[in-house]
Structure formats: C-alpha cells, structure tokens
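Numbered from 1 within each chain, the chains take letters A, B, ... in sequence-line order.
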Amino acid sequence: MDNHIKEGKENLNFSMFGDYSQRKQENKLERIVKQIKSDEMPLRSYTILHQDAVLNENQKQEIINWINSQLEKEQF
Amino acid sequence: MKTLFIIALLAITVTSCNQKAKDTKAAETVTTASEVYACSMHPEITGKKGSECPECGMELTEKVSQSATTEKDDANTTDIETKNAVATTKTVAATSFTINEIVTNYLKLKNALVKDDSKGAANAGRVLYVTLNSLDTKSLDAKLKKEYVDIADDAKEHVAHIGDNSGKIEHQREHFAMLSKDINDFVQTFGTTQKLYQDYCPMYDEGKSGYWISESKEIKNPYFGSQMLSCGSVRKTF
C-alpha cells in the first residue's frame with residue numbers, strides 16, 4: 001500500500017501540479033482521462049476496502065468533460 | 001606526421017562530403033578550398049557558394065575557412081571510410097547542439113513498434129532515456145535550454161513507461177503517441193539534419209493522437225504494425 005502511494009505520487013502528485021510545466025500538465029490531464037476510461041483506477045486492491053471510491057458512470061463523465069474543456073481552453 | 005594525419009582526415013571528410021552531394025544529384029564541380037561554403041544548418045555539407053544543401057534545400061552561405069587542399073572525388077571511398085569521416089565531422093562540430101541522437105533512437109523505437117516488437121521497443125526506449133538524460137545542453141541559451149528541459153522531462157516519462165512495459169505493446173503505443181508529440185516539438189525547435197516526415201494515422205485513438213515522425217516517405221504505421229501497416233499519410237516534411 002505504502003509503495004502504491006509512493007509510486008502514484010511519482011507519476012502524478014496533485015500537490016505539485018502547479019509546478020509542472022504546461023506540457024506536463026496537459027499530458028497528465030490526458031492521462032487521467034485514459035486511466036478513467038480504462039477503469040484501471042482506483043486499483044482493485046483499494047476499492048475492495050473502499051467501495052465508495054468506485055466512480056459511477058456519471059462521475060466519470062463529469063471528470064472527463066471537465067478535463068476536455070480545460071484542454072480546449074489551452075489549445076496549443 | 002601529425003600534420004599528415006590531419007590532412008588525411010580532412011581529405012576523407014571532404015571526399016565524403018562530395019560523395020554525399022553527388023548521391024543527391026546536387027553535385028557541383030569541385031571547387032578550391034578557399035571558395036567552399038557550408039549550409040548554415042548542416043555544417044558537414046559543403047559546396048560552391050549559392051548551391052543548394054541536399055539535406056534541406058537551403059543555400060550554402062557559411063564560408064568555410066580551411067586551407068587544406070581539396071581532393072578530387074575518390075570513387076573508391078568505402079562505407080567504413082565514409083562513416084569514419086562522418087564521425088570526425090561530428091567531433092569537430094560537437095560544440096553546436098544537435099538532437100540527432102535523440103531522433104535516431106526515437107526512430108529505432110518507432111521501427112520496433114512497426115514490427116510489433118514490444119521487447120525491441122522497450123530496449124530502444126531505455127536507450128532513448130539515457131540519451132535524453134545525457135545530452136549536453138551547455139551551448140544552449142537559457143530560453144532554449146528551458147524549452148529542452150520541458151520537452152525532455154515529458155519525453156523521459158514516456159520512454160520510461162515504454163521501457164518498463166515490454167510485452168504490453170498497446171500501453172507502449174499510447175506513450176509512443178505522446179512521445180511523438182515531444183519529438184515533433186524537438187525537431188521544430190532544434191531542427192534536423194536529416195529529412196523527416198510527420199505522419200498521421202486517423203484510425204488511432206479516435207483520430208486524436210496518431211502522429212509519428214518517420215525517416216522514410218513510405219508509410220509504415222507504428223500504431224497498428226502488421227494489422228494496418230500502410231494506414232496513414234504524410235502531413236508535413238521537415
């Protein structure tokens with residue numbers, strides 16, 4: 001579990017998000033959409049204990065829509 | 001002895017340049033050393049003033065100040081000799097920053113994906129990671145350096161994923177798509193000495209990210225490999 005957190009933070013750390021370059025921010029947002037669509041996150045080992053962490057379809061769509069609108073704003 | 005060696009090296013270099021120019025039908029009559037001009041983007045290309053660089057089509061405008069005697073074309077130049085000569089010119093021009101090595105390793109990665117070779121892609125990804133880390137950016141000014149670091153940071157993440165995911169080619173291809181964007185920006189920012197094509201496959205990722213950079217005009221799709229090898233078209237030429 002500890003390792004998951006460490007590894008996760010290395011890949012995406014929202015506390016550091018503001019320090020990422022714009023390129024990296026956009027890339028991370030795109031990755032979030034892909035991860036949500038692929039249902040890989042949250043990890044199964046986590047959702048077994050925390051059923052309420054599973055996103056329903058509406059929640060997923062909501063996040064995806066928001067990210068897409070942000071990405072369009074910053075179209076490069 | 002030393003001077004002899006240097007003259008020999010120069011001679012090889014000059015012959016190989018002539019050879020190259022000849023290959024690309026841009027052969028000019030051999031000029032005397034005092035009138036040799038180089039391409040401002042490709043210092044290894046030399047020729048008569050105003051003639052075109054076979055690599056990028058730009059006029060040769062940079063005067064080369066060398067006093068060595070020019071040798072006539074030596075038809076016997078072997079491949080190895082040419083390679084040696086290229087290596088020599090590289091060390092001579094080492095002060096100017098180039099992304100050639102990045103592009104070369106990226107192309108290896110791309111070609112592994114074309115062949116559906118996940119393991120090969122992972123290996124090429126690891127090599128590219130080292131290259132991205134070791135490139136000397138000292139000669140760049142602050143602005144370009146930042147640009148380089150931004151792009152390289154992003155690219156490093158993608159090649160790391162590609163390197164770590166041997167066997168999961170779909171995952172590798174996802175990162176390859178994002179890496180290709182970085183390589184595209186590298187080429188746009190820092191130029192290339194090699195003719196490159198920006199290709200695009202509308203079938204990949206709902207048409208969103210299916211770009212890649214290629215060294216050949218012929219389409220060989222790294223996103224679908226043998227499934228749809230010829231899907232895509234050239235979008236841009238560098």
Using heavy-atom distances under 4.5 Å, tell me whether B/Lys208 contacts chain A through its side chain, its backbone, both, or neither.
side chain

Contact origin within B/Asp153 toward chain A - heavy atom pairs under 4.5 Å
neither

Does [X], at its [atom1] atom, have more than 12 non-hydrogen atoms belonging to other residues, nucleotides or ligands within less than 6.0 Å?
| X | atom1 | answer |
| --- | --- | --- |
| B/Asn133 | CG | yes |
| A/Gln59 | CD | yes |
| B/Met203 | CE | no |
| B/Lys119 | NZ | no |
| A/Tyr46 | OH | no |
| B/Lys220 | NZ | no |

Pair A/Asn27-B/His158, side chain to side chain contact (heavy atoms under 4.5 Å, CB included): steps then yes or no
CA-CA 10 Å; A/Asn27 161 21; B/His158 298 311; 3.3 Å; yes

Rounded to the nearest 0.5 Å, what separation is found between the OG atom of A/Ser38 and the NE2 atom of B/His171?
9.5 Å

With heavy-atom distances below 4.5 Å as the criterion, would you say the side chains of [X] and [Y] are in contact?
| X | Y | result |
| --- | --- | --- |
| B/Asp154 | A/Glu26 | no |
| A/Arg23 | B/Asp185 | yes |
| A/Lys28 | B/Glu157 | yes |

